[in-house]
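Here is the structure we will look at, set down as C-alpha coordinates.
Below, each value reflects all heavy atoms present in this structure, side chains not excepted, and no hydrogens, waters or symmetry copies.
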Amino acid sequence: MIQDDLGPEEAERVFERSYENLAVRYSELGSFSTLVRLVPEALLDESKIAVFHHQQIQRIFLDKVERLQWLNRSLWLKNQQLRETRGELEKIRSELETRVSCHVART
Amino acid sequence: MNRDDISDEEVSRETCDLVSHLGERIDTSSPEEAAPLAALRRFEQKHVDEKRLHLPSLYLVLEQYLARINGQEALDIRAIRGEIRDRFPRLMAVGDFALIFKSRPRQDVLLGRLFLVGILEGVGGRVTSWPAVSILRDTSVI
(Lines give C-alpha, C1' and ligand atoms only; values in the text may rest on other atoms or scores of the structure.)
Protein backbone atom coordinates (compact mmCIF):
# COMPACT_ATOMS: atom_id res chain seq x y z
CA MET A 1 0.00 0.00 0.00
CA ILE A 2 1.25 3.42 -0.96
CA GLN A 3 0.09 4.81 2.43
CA ASP A 4 2.38 2.38 4.24
CA ASP A 5 5.42 3.55 2.29
CA LEU A 6 4.78 7.27 2.09
CA GLY A 7 2.43 7.97 4.96
CA PRO A 8 -1.24 8.90 4.51
CA GLU A 9 -0.73 12.63 3.92
CA GLU A 10 1.97 12.26 1.27
CA ALA A 11 -0.01 9.46 -0.40
CA GLU A 12 -3.04 11.74 -0.52
CA ARG A 13 -0.93 14.52 -2.09
CA VAL A 14 0.36 12.11 -4.77
CA PHE A 15 -3.17 10.98 -5.65
CA GLU A 16 -4.47 14.56 -5.65
CA ARG A 17 -1.71 15.79 -7.97
CA SER A 18 -2.22 12.98 -10.44
CA TYR A 19 -5.98 13.53 -10.42
CA GLU A 20 -5.68 17.29 -10.85
CA ASN A 21 -3.21 16.95 -13.73
CA LEU A 22 -5.79 14.91 -15.58
CA ALA A 23 -8.75 17.05 -14.52
CA VAL A 24 -7.09 20.13 -16.08
CA ARG A 25 -7.02 18.38 -19.44
CA TYR A 26 -9.94 15.96 -19.49
CA SER A 27 -12.60 17.01 -17.00
CA GLU A 28 -14.91 17.83 -19.94
CA LEU A 29 -14.46 14.39 -21.46
CA GLY A 30 -17.40 12.03 -20.90
CA SER A 31 -15.16 9.17 -19.82
CA PHE A 32 -13.37 11.25 -17.18
CA SER A 33 -15.79 9.93 -14.58
CA THR A 34 -13.96 6.59 -14.98
CA LEU A 35 -11.36 7.94 -12.58
CA VAL A 36 -13.88 7.88 -9.75
CA ARG A 37 -13.39 4.14 -9.69
CA LEU A 38 -9.63 4.56 -9.25
CA VAL A 39 -9.51 7.33 -6.66
CA PRO A 40 -9.66 5.91 -3.12
CA GLU A 41 -13.09 6.64 -1.65
CA ALA A 42 -11.54 8.51 1.27
CA LEU A 43 -10.18 11.09 -1.18
CA LEU A 44 -13.40 11.52 -3.14
CA ASP A 45 -14.53 14.86 -1.78
CA GLU A 46 -16.98 17.42 -3.10
CA SER A 47 -14.34 19.29 -5.13
CA LYS A 48 -13.57 16.20 -7.20
CA ILE A 49 -17.19 15.35 -7.86
CA ALA A 50 -18.06 18.99 -8.60
CA VAL A 51 -16.13 18.92 -11.89
CA PHE A 52 -18.42 16.27 -13.33
CA HIS A 53 -21.26 17.05 -15.68
CA HIS A 54 -24.77 15.82 -15.26
CA GLN A 55 -24.10 12.96 -17.72
CA GLN A 56 -20.91 11.93 -15.93
CA ILE A 57 -22.66 11.90 -12.55
CA GLN A 58 -25.43 9.87 -14.15
CA ARG A 59 -22.83 7.38 -15.38
CA ILE A 60 -21.19 7.15 -11.93
CA PHE A 61 -24.60 6.59 -10.40
CA LEU A 62 -25.53 3.94 -12.98
CA ASP A 63 -22.17 2.21 -12.46
CA LYS A 64 -22.85 2.11 -8.72
CA VAL A 65 -26.37 0.78 -9.29
CA GLU A 66 -24.98 -1.85 -11.67
CA ARG A 67 -22.36 -2.85 -9.10
CA LEU A 68 -25.04 -3.05 -6.40
CA GLN A 69 -27.21 -5.22 -8.64
CA TRP A 70 -24.22 -7.48 -9.32
CA LEU A 71 -23.54 -7.76 -5.57
CA ASN A 72 -27.20 -8.52 -4.89
CA ARG A 73 -27.19 -11.21 -7.56
CA SER A 74 -23.98 -12.74 -6.13
CA LEU A 75 -25.50 -12.71 -2.65
CA TRP A 76 -28.67 -14.32 -3.95
CA LEU A 77 -26.64 -17.06 -5.69
CA LYS A 78 -24.59 -17.69 -2.54
CA ASN A 79 -27.79 -17.89 -0.48
CA GLN A 80 -29.21 -20.30 -3.01
CA GLN A 81 -26.09 -22.49 -2.77
CA LEU A 82 -26.22 -22.36 1.03
CA ARG A 83 -29.89 -23.38 0.99
CA GLU A 84 -29.10 -26.30 -1.35
CA THR A 85 -26.17 -27.43 0.82
CA ARG A 86 -28.31 -27.19 3.96
CA GLY A 87 -31.06 -29.21 2.23
CA GLU A 88 -28.56 -31.91 1.27
CA LEU A 89 -27.14 -32.01 4.80
CA GLU A 90 -30.61 -32.36 6.28
CA LYS A 91 -31.36 -35.18 3.86
CA ILE A 92 -28.15 -36.98 4.86
CA ARG A 93 -28.92 -36.46 8.56
CA SER A 94 -32.40 -37.85 8.18
CA GLU A 95 -31.04 -40.88 6.24
CA LEU A 96 -28.47 -41.44 8.99
CA GLU A 97 -31.14 -41.17 11.69
CA THR A 98 -33.29 -43.72 9.83
CA ARG A 99 -30.36 -46.11 9.49
CA VAL A 100 -29.42 -45.71 13.16
CA SER A 101 -32.98 -46.30 14.35
CA CYS A 102 -33.25 -49.39 12.08
CA HIS A 103 -29.98 -50.67 13.45
CA VAL A 104 -31.12 -50.08 17.06
CA ALA A 105 -34.44 -51.83 16.35
CA ARG A 106 -32.63 -54.84 14.88
CA THR A 107 -30.31 -55.16 17.84
CA MET B 1 2.10 7.75 -23.06
CA ASN B 2 4.95 7.48 -25.50
CA ARG B 3 6.63 10.67 -26.54
CA ASP B 4 4.66 11.76 -29.56
CA ASP B 5 5.97 11.17 -33.05
CA ILE B 6 5.54 14.77 -34.13
CA SER B 7 7.81 17.80 -33.73
CA ASP B 8 6.95 20.71 -31.44
CA GLU B 9 6.90 23.07 -34.45
CA GLU B 10 4.44 20.86 -36.27
CA VAL B 11 2.24 20.56 -33.18
CA SER B 12 2.33 24.31 -32.80
CA ARG B 13 1.36 24.88 -36.44
CA GLU B 14 -1.38 22.25 -36.44
CA THR B 15 -2.73 23.50 -33.11
CA CYS B 16 -2.91 27.01 -34.51
CA ASP B 17 -4.86 25.76 -37.54
CA LEU B 18 -7.19 23.69 -35.37
CA VAL B 19 -7.88 26.55 -32.98
CA SER B 20 -8.64 29.00 -35.80
CA HIS B 21 -10.78 26.36 -37.53
CA LEU B 22 -12.84 25.85 -34.38
CA GLY B 23 -12.78 29.53 -33.48
CA GLU B 24 -14.36 30.44 -36.82
CA ARG B 25 -17.33 28.29 -35.95
CA ILE B 26 -18.19 30.17 -32.80
CA ASP B 27 -21.36 32.10 -33.35
CA THR B 28 -20.58 35.48 -31.78
CA SER B 29 -24.27 36.42 -31.78
CA SER B 30 -25.07 33.49 -29.54
CA PRO B 31 -25.51 34.17 -25.82
CA GLU B 32 -23.47 31.06 -25.10
CA GLU B 33 -20.31 32.17 -26.87
CA ALA B 34 -18.69 33.79 -23.79
CA ALA B 35 -17.22 30.60 -22.32
CA PRO B 36 -15.61 29.24 -25.52
CA LEU B 37 -14.32 32.70 -26.48
CA ALA B 38 -12.78 33.18 -23.03
CA ALA B 39 -11.19 29.72 -23.25
CA LEU B 40 -9.80 30.61 -26.69
CA ARG B 41 -8.30 33.88 -25.44
CA ARG B 42 -6.74 32.20 -22.43
CA PHE B 43 -5.28 29.53 -24.69
CA GLU B 44 -3.82 31.99 -27.16
CA GLN B 45 -1.92 33.74 -24.39
CA LYS B 46 -0.19 30.56 -23.28
CA HIS B 47 3.38 29.50 -24.05
CA VAL B 48 3.90 26.81 -26.74
CA ASP B 49 4.55 24.05 -24.16
CA GLU B 50 1.48 25.01 -22.19
CA LYS B 51 -0.59 25.07 -25.37
CA ARG B 52 0.34 21.45 -25.98
CA LEU B 53 -0.73 20.59 -22.44
CA HIS B 54 -4.01 22.51 -22.58
CA LEU B 55 -5.03 21.57 -26.12
CA PRO B 56 -7.30 18.69 -24.98
CA SER B 57 -9.23 20.89 -22.54
CA LEU B 58 -9.64 23.73 -25.04
CA TYR B 59 -10.77 21.32 -27.72
CA LEU B 60 -13.32 19.74 -25.36
CA VAL B 61 -14.75 23.12 -24.35
CA LEU B 62 -15.13 24.13 -28.01
CA GLU B 63 -16.50 20.75 -28.99
CA GLN B 64 -19.16 20.93 -26.29
CA TYR B 65 -20.10 24.40 -27.39
CA LEU B 66 -20.39 23.27 -31.03
CA ALA B 67 -22.40 20.25 -30.02
CA ARG B 68 -24.73 22.35 -27.88
CA ILE B 69 -25.21 25.28 -30.13
CA ASN B 70 -24.06 26.11 -33.59
CA GLY B 71 -26.44 28.74 -34.84
CA GLN B 72 -29.66 26.79 -35.02
CA GLU B 73 -28.17 23.41 -35.54
CA ALA B 74 -26.70 21.17 -32.88
CA LEU B 75 -23.90 18.94 -34.11
CA ASP B 76 -23.22 15.41 -33.10
CA ILE B 77 -20.00 15.00 -31.09
CA ARG B 78 -19.08 11.92 -33.10
CA ALA B 79 -19.47 13.88 -36.34
CA ILE B 80 -17.29 16.70 -35.00
CA ARG B 81 -14.58 14.26 -33.93
CA GLY B 82 -14.71 12.48 -37.27
CA GLU B 83 -14.27 15.74 -39.09
CA ILE B 84 -11.37 16.87 -36.88
CA ARG B 85 -9.66 13.49 -37.26
CA ASP B 86 -9.88 13.74 -41.06
CA ARG B 87 -8.85 17.36 -41.24
CA PHE B 88 -5.98 17.22 -38.72
CA PRO B 89 -4.50 13.72 -38.99
CA ARG B 90 -1.08 14.84 -37.76
CA LEU B 91 -2.57 15.93 -34.43
CA MET B 92 -3.64 12.33 -33.89
CA ALA B 93 0.06 11.66 -33.26
CA VAL B 94 -0.17 13.80 -30.13
CA GLY B 95 -1.06 11.10 -27.61
CA ASP B 96 -2.74 13.32 -25.01
CA PHE B 97 -4.93 14.90 -27.67
CA ALA B 98 -5.56 11.69 -29.63
CA LEU B 99 -7.01 10.08 -26.48
CA ILE B 100 -10.18 12.10 -27.03
CA PHE B 101 -10.70 10.43 -30.41
CA LYS B 102 -10.37 6.85 -29.18
CA SER B 103 -13.27 4.53 -28.43
CA ARG B 104 -14.86 4.84 -25.01
CA PRO B 105 -13.34 1.64 -23.55
CA ARG B 106 -9.89 2.66 -24.75
CA GLN B 107 -10.34 6.14 -23.28
CA ASP B 108 -11.13 4.48 -19.95
CA VAL B 109 -7.95 2.40 -20.12
CA LEU B 110 -5.76 5.31 -21.22
CA LEU B 111 -7.12 7.63 -18.52
CA GLY B 112 -6.51 4.96 -15.90
CA ARG B 113 -3.01 4.49 -17.22
CA LEU B 114 -2.28 8.24 -17.15
CA PHE B 115 -3.61 8.39 -13.60
CA LEU B 116 -1.26 5.59 -12.57
CA VAL B 117 1.67 7.21 -14.40
CA GLY B 118 0.98 10.40 -12.43
CA ILE B 119 1.00 8.44 -9.18
CA LEU B 120 4.21 6.61 -10.08
CA GLU B 121 5.87 9.89 -11.00
CA GLY B 122 4.67 11.39 -7.73
CA VAL B 123 6.01 8.43 -5.79
CA GLY B 124 9.33 8.94 -7.62
CA GLY B 125 10.94 5.60 -6.89
CA ARG B 126 10.22 5.76 -3.16
CA VAL B 127 8.22 2.55 -3.40
CA THR B 128 10.71 0.19 -4.95
CA SER B 129 8.31 -2.74 -5.35
CA TRP B 130 6.26 -0.77 -7.88
CA PRO B 131 6.78 -1.08 -11.65
CA ALA B 132 8.78 1.53 -13.54
CA VAL B 133 6.81 4.38 -15.11
CA SER B 134 8.21 3.38 -18.49
CA ILE B 135 6.13 0.18 -18.44
CA LEU B 136 2.89 2.15 -18.14
CA ARG B 137 4.01 4.72 -20.67
CA ASP B 138 4.35 2.02 -23.30
CA THR B 139 0.99 2.30 -25.03
CA SER B 140 1.85 -0.56 -27.39
CA VAL B 141 1.06 -3.00 -24.57
CA ILE B 142 -2.68 -2.44 -25.02
Side-chain angles (χ1 to χ4, degrees), chain A residues 1-70, chain B residues 1 35-36 39 42-43 46 50-68 77-78 80-81 94-131 133 136:
Chain A
M1 291 283 280
I2 185 170
Q3 284 95 330
D4 299 337
D5 289 287
L6 303 182
E9 284 177 12
E10 178 59 10
E12 190 174 327
R13 264 195 294 275
V14 167
F15 272 93
E16 293 269 358
R17 235 172 294 152
S18 184
Y19 181 88
E20 277 160 20
N21 281 339
L22 286 181
V24 165
R25 284 177 286 169
Y26 301 111
S27 63
E28 303 288 331
L29 189 64
S31 56
F32 185 71
S33 53
T34 297
L35 290 185
V36 166
R37 280 181 259 170
L38 300 178
V39 176
E41 281 200 20
L43 302 183
L44 261 185
D45 56 21
E46 206 179 315
S47 66
K48 288 189 193 65
I49 293 170
V51 301
F52 297 133
H53 299 297
H54 173 70
Q55 276 182 328
Q56 290 172 318
I57 290 171
Q58 204 173 27
R59 191 188 174 203
I60 294 166
F61 180 72
L62 288 174
D63 279 351
K64 297 269 179 208
V65 169
E66 203 177 304
R67 166 101 183 127
L68 205 63
Q69 282 173 339
W70 181 82
Chain B
M1 293 205 169
R42 278 198 305 274
F43 184 81
K46 289 186 192 299
E50 274 195 297
K51 279 185 178 173
R52 193 173 178 134
L53 179 72
H54 290 276
L55 180 60
S57 61
L58 174 76
Y59 171 78
L60 289 167
V61 168
L62 296 178
E63 181 191 78
Q64 283 205 350
Y65 165 77
L66 290 174
R68 198 169 51 243
I77 280 184
R78 263 185 300 184
I80 299 172
R81 288 185 190 170
V94 180
D96 288 355
F97 182 63
L99 182 151
I100 296 167
F101 299 84
K102 306 284 184 193
S103 67
R104 182 63 181 258
R106 191 146 165 83
Q107 281 180 11
D108 287 351
V109 171
L110 290 172
L111 280 173
R113 185 199 288 261
L114 284 175
F115 184 58
L116 288 178
V117 166
I119 292 167
L120 284 174
E121 284 175 344
V123 167
R126 283 176 286 174
V127 182
T128 49
S129 59
W130 281 31
V133 178
L136 282 170

Review point. Taking the side chain from A/Glu28 and the backbone from B/Gln64, do they hold a donor-acceptor pair closer than 3.5 Å?
Key: no
Check your understanding: Of the non-hydrogen atoms in B/Ser57 and A/Val24, which two are nearest, and what is the gap between them?
Key -> CB-O, 3.2 Å
Exercise for review: Locate the shortest heavy-atom distance separating A/Leu29 from B/Ile100; write the atom from each residue and the value.
Suggested key: CD1-CG2, 4.1 Å
Revision key, fill the gap. Cut-off 4.5 Å, heavy atoms of chain B, and the answer for A/Leu22 is side chain
**Study point:** Heavy-atom pair of closest approach, residues B/Leu114 and A/Ser18
**Key:** O-OG, 4.1 Å
Practice item. Can you label the angle between the A/Phe15 ring and the B/Phe115 ring as parallel, tilted or perpendicular, going by 30° and 60°? Key: tilted
Point to revise | B/Leu53 portion near chain A, given a 4.5 angstrom heavy-atom threshold | key: both
Point to revise | A/Ser33 to B/Arg104 - nearest heavy-atom pair and separation | key: OG-NH2, 4.4 Å
Practice item. May I ask you to check whether over 12 heavy atoms, not counting those of A/Arg67, lie within 6.0 Å of atom CZ? Key: no
Check your understanding: Counting only N and O atoms by type, is there a donor-acceptor contact under 3.5 Å from the side chain of A/Tyr26 to the main-chain atoms of B/Asp96?
Key -> yes
